[in-house]
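If you're wondering where the values come from, they're calculated on a predicted model, not measured in any experiment. Just so we're on the same page: letters track the sequence lines, and every chain starts at 1.
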Amino acid sequence: MNDTPAPGSGIDATFVRRWLDLATTALDREADRLTELDSPIGDADHGSNMRRGFIAARTAVEQEPPETPGGVLVLVGRTLISTVGGASGPLYGTLLRKAGKELGEAETVGADRLRDALRAGVGGVAQLGGAAAGDKTMLDALLPALDALTGALDAGGSAAEVLASAASAAEEGAEATTPLRARKGRASYLGERSIGHQDPGATSAALLIGALAEAAGATGGGAA
Amino acid sequence: MNDTPAPGSGIDATFVRRWLDLATTALDREADRLTELDSPIGDADHGSNMRRGFIAARTAVEQEPPETPGGVLVLVGRTLISTVGGASGPLYGTLLRKAGKELGEAETVGADRLRDALRAGVGGVAQLGGAAAGDKTMLDALLPALDALTGALDAGGSAAEVLASAASAAEEGAEATTPLRARKGRASYLGERSIGHQDPGATSAALLIGALAEAAGATGGGAA
Amino acid sequence: MKMLINVAETVVADALRGMAAAHPELTVDVERRVIVRRGAPYEGKVGLVSGGGSGHEPLHGGFVGRGMLDAACPGEVFTSPVPDQMVRAAAAVDSGAGVLFVVKNYTGDVLNFDMAAELAEDEGVQVAKVLVNDDVAVVDSLYTAGRRGTGATLFVEKLAGAAADAGAPLDRVAAVARRVNESSRSFGVALSAVTTPAKGTPTFDLPAGELELGIGIHGEPGRERRAMMTSGEIADVVVDAVVEDLRPDGPVIVLVNGMGATPLLELYGFNAEVHRALTERKVPVARTLVGNYVTSLDMAGCSVTICQVDEELLGLWDAPVSTPALRWGC
Amino acid sequence: MKMLINVAETVVADALRGMAAAHPELTVDVERRVIVRRGAPYEGKVGLVSGGGSGHEPLHGGFVGRGMLDAACPGEVFTSPVPDQMVRAAAAVDSGAGVLFVVKNYTGDVLNFDMAAELAEDEGVQVAKVLVNDDVAVVDSLYTAGRRGTGATLFVEKLAGAAADAGAPLDRVAAVARRVNESSRSFGVALSAVTTPAKGTPTFDLPAGELELGIGIHGEPGRERRAMMTSGEIADVVVDAVVEDLRPDGPVIVLVNGMGATPLLELYGFNAEVHRALTERKVPVARTLVGNYVTSLDMAGCSVTICQVDEELLGLWDAPVSTPALRWGC
Ligand SMILES: Nc1ncnc2c1ncn2[C@@H]1O[C@H](COP(=O)(O)OP(=O)(O)O)[C@@H](O)[C@H]1O
Ligand SMILES: Nc1ncnc2c1ncn2[C@@H]1O[C@H](COP(=O)(O)OP(=O)(O)O)[C@@H](O)[C@H]1O
Ligand SMILES: [Mg+2]
Ligand SMILES: [Mg+2]
Ligand SMILES: [Mg+2]
Ligand SMILES: [Mg+2]
């Protein structure tokens with residue numbers, strides 16, 4: 001992680017592609033664990049879903065690399081929608097597509113725009129899936145990440161610091177889903193029996209935010 | 001077994017009914033073991049087949065008890081044919097039907113006629129099933145039993161002695177099927193892999209002959 | 001757990017190749033994962049499109065044909081298909097009379113079909129949707145994703161398919177589909193857990209003496225675990241669940257459905273108990289279907305779906321159907 | 001092993017009650033264990049009667065109906081029926097044109113059907129018999145009971161049934177049946193052992209990484225145990241076995257049959273490999289049937305049966321059939 005310089009003046013397409021690489025690597029490595037988490041309260045496919053989608057997204061980006069950070073995110077989001085399926089495909093696809101759209105045509109953006117993008121993406125997820133904080137979904141990692149990012153930014157942290165705090169918040173948020181009772185997604189069918197298991201989608205969300213910190217040269221959340 | 005007197009002057013319908021009771025009890029008790037033997041080299045039904053048939057036969061005999069030993073045997077044989085199915089139904093049915101027919105209308109017969117009956121029955125089994133000694137079938141208990149009975153009779157033994165020697169021969173014959181390679185019945189499909197398992201049909205045959213000895217007051221072969 | 005597969009990654013593509021080889025009456029696009037009834041679009045006929053995760057076979061691909069679906073979109077195992085598949089399917093079967101999407105109520109299916117409907121409408125296809133949500137095991141409230149779509153999917157596809165086959169317009173076909181869904185209830189029981197190709201081990205532990213009540217068709221555990229029961233006792237629990245929720249006041253069609261690994265011998269025996277239980281509750285049975293139709297890979301267990309029918313729906317049930325898995329009258 | 005049953009003793013009777021409830025087109029005598037096509041005997045038509053141990057469903061009861069069997073006689077699980085059943089069935093379906101017994105080659109079935117044939121003839125029914133013995137896994141020699149009857153039973157019942165439906169006389173129907181049997185070969189593979197209701201535990205041990213080659217349909221172990229293979233490798237072994245024995249020089253019908261617990265998703269994937277293997281061996285495939293048709297309770301695994309056909313046999317295959325488990329053309 002020492003060989004990846006912090007994004008200096010701003011976040012560009014190369015940075016987002018580095019994130020995509022790191023996220024894909026992390027999801028590939030953690031796929032079995034995510035599927036394992038999706039077994040007691042789901043249908044045992046979250047890891048293979050995410051791996052399939054991100055490998056396809058990386059391939060799509062490599063084949064025709066967009067020149068803006070927003071362009072890369074939109075392409076990743078579209079590819080997820082077209083290759084993942086399940087609940088996570090449209091939700092993560094929307095997260096990244098909305099985030100990318102928020103960044104518009106800019107070739108380089110600062111951490112504040114990244115926050116706007118994340119806010120737009122998370123808003124899209126909430127709207128599409130209808131879940132709220134505490135429903136034991138990916139939002140329970142994404143919302144704390146957004147809050148932490150916003151707070152760190154307001155406190156004047158560097159991009160790497162800002163993303164590192166988002167990564168720890170996401171990871172804590174994911175872990176904090178364990179005692180929750182699911183109200184959305186297929187874990188909700190289990191009622192009380194969903195309590196005591198960490199949510200797979202919150203866990204993969206923490207991996208994605210961790211990869212963001214890692215891409216910025218902060219210590220990786222890849223070990224979420 | 002001390003309370004069952006040796007058949008004195010001869011073998012009558014009561015004796016055959018006592019045999020039927022003892023045989024049914026033995027088969028009921030050993031049904032799981034017979035089915036267990038029928039698992040590695042068969043289809044795991046021999047015990048339930050035999051129990052079902054003999055319980056039906058005992059009921060049939062109780063409902064309308066024939067007055068001759070031959071009559072009882074024929075009724076048992078017919079009931080087996082109508083209630084067992086599988087290979088053992090027609091074969092044991094034939095064994096007992098042929099044996100019963102051989103005894104004709106006699107109300108009491110001696111041990112020599114029992115030998116004739118057994119010979120007729122065993123001949124019927126051999127003819128119907130086409131098996132020979134050493135093919136790893138019920139015949140590998142029945143043929144030694146017939147030989148031993150014949151020999152003991154020639155040596156002038158009592159009915160109880162004669163039947164006891166038949167019972168041990170049947171039991172030894174059943175045990176001796178273990179190293180054989182099956183050539184008839186479904187165990188033959190296994191080829192070499194049938195070696196090393198005791199034949200279920202030979203085992204049940206030994207139980208039937210054992211019950212005969214037991215009925216005559218000799219020590220029971222019910223523990224075959 | 002051993003499986004008759006090459007590698008987990010190609011399970012769905014392999015199955016589609018095998019369907020193509022077995023069913024010349026279907027057009028199977030293996031790469032794009034769309035199964036289309038040969039000859040579609042049929043002039044003036046409303047197109048029926050369904051789909052969902054794989055692992056529930058013969059649902060949905062086995063129900064493509066005359067009198068039922070025009071196209072099916074299989075996703076990965078237990079993963080809803082992606083919008084591209086439904087968009088392509090809709091384009092392939094639309095004769096101009098519009099297309100009905102039959103969607104089982106799972107977050108993933110709903111989201112992906114919704115996206116597909118938007119995209120298909122952008123391309124000029126008129127799309128109606130029906131959501132199947134018959135599983136009474138899910139307590140339908142603000143606190144769940146709502147009742148799952150399970151066995152009633154077969155009824156919706158059959159009866160709406162018959163309506164479309166008879167030339168009904170899109171709004172009418174959709175209305176039939178919604179009425180069938182509203183008249184249907186299901187409840188399922190697992191005797192064993194599922195092993196997905198991707199995971200390779202059972203999704204949950206189910207000890208020898210226990211069963212799961214109120215399971216879905218994706219290997220999820222149910223709402224409750226109980227000590228093993230007889231087939232008659234299970235029938236009572238299951239029939240109570242669906243009858244108390246639907247409260248039918250007329251004849252029903254019954255689907256006694258196997259989850260995949262329960263022998264047909266047992267399913268028929270269970271059907272006897274289901275009929276007994278329905279009769280005791282004074283529910284007349286108009287038609288019965290017994291078999292493995294809406295499955296959950298290698299799960300042992302069963303589900304019961306009842307659908308109250310009037311003359312019209314019964315006529316649609318009896319109408320000709322000719323698909324790989326359901327066929328009569330033609 | 002959990003089962004969806006009441007008690008082991010009533011499994012067959014319960015299933016028959018369930019069949020009766022599901023299929024008003026059949027007359028099911030639960031007590032005497034005979035399933036008869038409603039309306040039989042059909043004037044002038046040869047009657048087809050089959051039967052065997054239960055546990056292979058839908059074989060045989062699921063094949064009773066127009067264009068296939070007139071009656072089926074289910075025995076106890078894995079135990080051939082008793083002569084009384086076949087005598088009664090023959091009497092119920094004989095229109096005077098005679099009856100064909102379709103008998104799978106197992107010692108028990110052969111003996112019981114032989115006895116039944118004698119008794120039925122005593123009662124004035126003309127009886128012909130055909131022995132099905134298609135399983136190439138059994139080395140047919142003086143040292144075995146001969147090849148088992150497995151998947152080809154479906155072909156014999158279908159094609160002879162079509163011939164009878166078309167009005168062929170008894171000798172002709174029997175000749176068709178024999179020709180179908182002679183033109184058919186099967187080979188089966190088990191991925192798991194069977195648990196019978198009576199025993200309650202698997203009939204043999206099959207460790208995780210292994211499979212049994214050359215198994216029958218009664219839970220017996222096969223001829224050989226091997227390390228687990230891919231579906232493609234299994235297809236090569238199975239197709240080699242049947243093709244090398246039959247050496248077809250024309251088109252075949254293929255049955256890709258599940259043993260009961262293998263998901264349809266896997267069976268279709270396996271079918272793709274079977275087609276690939278047949279094509280590589282230059283065997284043209286005229287028709288394909290994929291599904292659970294000749295099963296072995298809860299066994300996971302599959303078998304492949306091929307039947308070489310000429311115009312006549314292919315026409316008989318395509319002829320209308322209307323039974324619970326096989327239905328087309330009517
Ligand atoms: N309505 C929703 N809003 C937000 N996230 C959701 C919603 N429903 C499900 N999820 C997330 O999706 C994850 C499951 O994803 P995945 O297993 O890939 O899809 P599926 O549930 O269709 O199998 C859950 O762990 C949860 O975090
Ligand atoms: N051709 C035969 N001749 C004599 N006995 C035979 C023959 N075939 C099978 N048997 C006997 O029958 C026994 C099996 O009986 P059973 O399990 O009841 O019938 P099935 O083999 O039909 O399941 C075998 O163990 C063997 O002793
Ligand atoms: Mg999932
Ligand atoms: Mg046996
Ligand atoms: Mg899923
Ligand atoms: Mg048997």
### Query
Measuring heavy-atom distances to chain D, does B:Thr83 have an atom under 4.5 Å in its side chain, in its backbone, in both, or in neither?
backbone
#### Entry: Selection from D:Ala137, D:Pro83, D:Ala193, D:Gly75 maximising heavy-atom pairs under 4.5 Å formed with chain B
D:Pro83
### Task
Name the region of D:Val77, side chain, backbone, both or neither, that has any atom closer than 4.5 Å to a heavy atom of chain B.
backbone
### Task
Would you indicate whether B:Arg97, at its atom CZ, is surrounded by more than 12 heavy atoms from other residues, nucleotides or ligands within a distance under 6.0 Å?
no
## Note on the structure
Checked D:Ser80, D:Gly53, D:Pro202 vs chain B; the most non-hydrogen pairs under 4.5 Å come from D:Ser80
### Query
Does D:Leu111 reach the side chain of B:Leu91, with side-chain heavy atoms less than 4.5 Å apart?
yes
#### Entry: Over 12 foreign heavy atoms within 6.0 Å of CD, B:Glu67
no
### Query
Side chain, backbone, both or neither: which part of D:Phe78 has an atom under 4.5 Å from a heavy atom of chain B?
both
### Query
Contact part of D:Pro221 toward chain B, heavy-atom cut-off under 4.5 Å: side chain, backbone, both or neither?
both
### Query
For D:Arg225, is it the side chain, the backbone, both, or neither that has a heavy atom closer than 4.5 Å to a heavy atom of chain B?
both
### Query
Measuring heavy-atom distances to chain B, does D:Glu76 have an atom under 4.5 Å in its side chain, in its backbone, in both, or in neither?
side chain
#### Entry: Contact class of B:Ala182 relative to chain D, heavy atoms under 4.5 angstrom
backbone
### Task
Answer yes or no: are there more than 12 heavy-atom neighbours, outside D:Asp205 itself, under 6.0 Å from its atom CG?
no
### Query
By a 4.5 Å heavy-atom criterion (distance strictly below it), what part of D:Glu9 contacts chain B: side chain, backbone, both, or neither?
neither
### Query
Below 4.0 angstrom, N of the basic side chain to O of the carboxylate: do B:Arg193 and D:Glu212 qualify?
yes
### Query
Within a reach of under 6.0 Å around CD of B:Glu107, are more than 12 heavy atoms found that belong to other residues, nucleotides or ligands?
no
## Note on the structure
Nearest heavy-atom approach of B:Leu190 to D:Arg223 is C-NH1, 4.2 Å
### side chain to side chain contact (heavy atoms under 4.5 Å, CB included) assessment of D:Thr196 paired with B:Asp45
CA-CA 9 Å; D:Thr196 62; B:Asp45 62 359; over 6 Å; no
### Query
Passes side chain to side chain contact (heavy atoms under 4.5 Å, CB included), B:Arg52 versus D:Thr79? Steps please.
CA-CA 12 Å; B:Arg52 179 175 65 253; D:Thr79 304; 3.9 Å; yes
### Query
Is the shortest heavy-atom distance from the side chain of B:Val84 to the side chain of D:Val82 under 4.5 Å?
no
### Message
Quick check against the 3.5 Å criterion: does B:Ser188 have a side-chain atom that pairs as donor or acceptor with the backbone of D:Ala145?
### Response
yes
### Sidechain-backbone polar pair: D:Asn112 side chain, B:Gly86 backbone, donor-acceptor under 3.5 Å
yes
### Query
Is the number of heavy atoms from other residues, nucleotides or ligands under 6.0 Å of B:Gln127 CD greater than 12?
no
### Message
For the interface with chain B, which of D:Thr107, D:Asp84, D:Thr201 has the highest count of heavy-atom pairs at distances below 4.5 Å?
### Response
D:Asp84
### Task
Please test B:Ile81 against D:Met115 for side chain to side chain contact (heavy atoms under 4.5 Å, CB included), starting from the C-alpha separation and ending with a verdict.
CA-CA 9 Å; B:Ile81 291 173; D:Met115 287 188 171; 3.8 Å; yes
### Query
What part of B:Ser82 gets closer than 4.5 Å to chain D, counting heavy atoms only: side chain, backbone, both or neither?
both
### Query
Does NZ or CZ of D:Arg148 lie under 6.0 Å from the centre of the six-membered ring of B:Tyr189, at an angle within 45° of the ring axis?
yes
### Task
For residues B:Glu36 and D:Lys199, determine if any side-chain heavy atom of one lies less than 4.5 Å from a side-chain heavy atom of the other.
yes
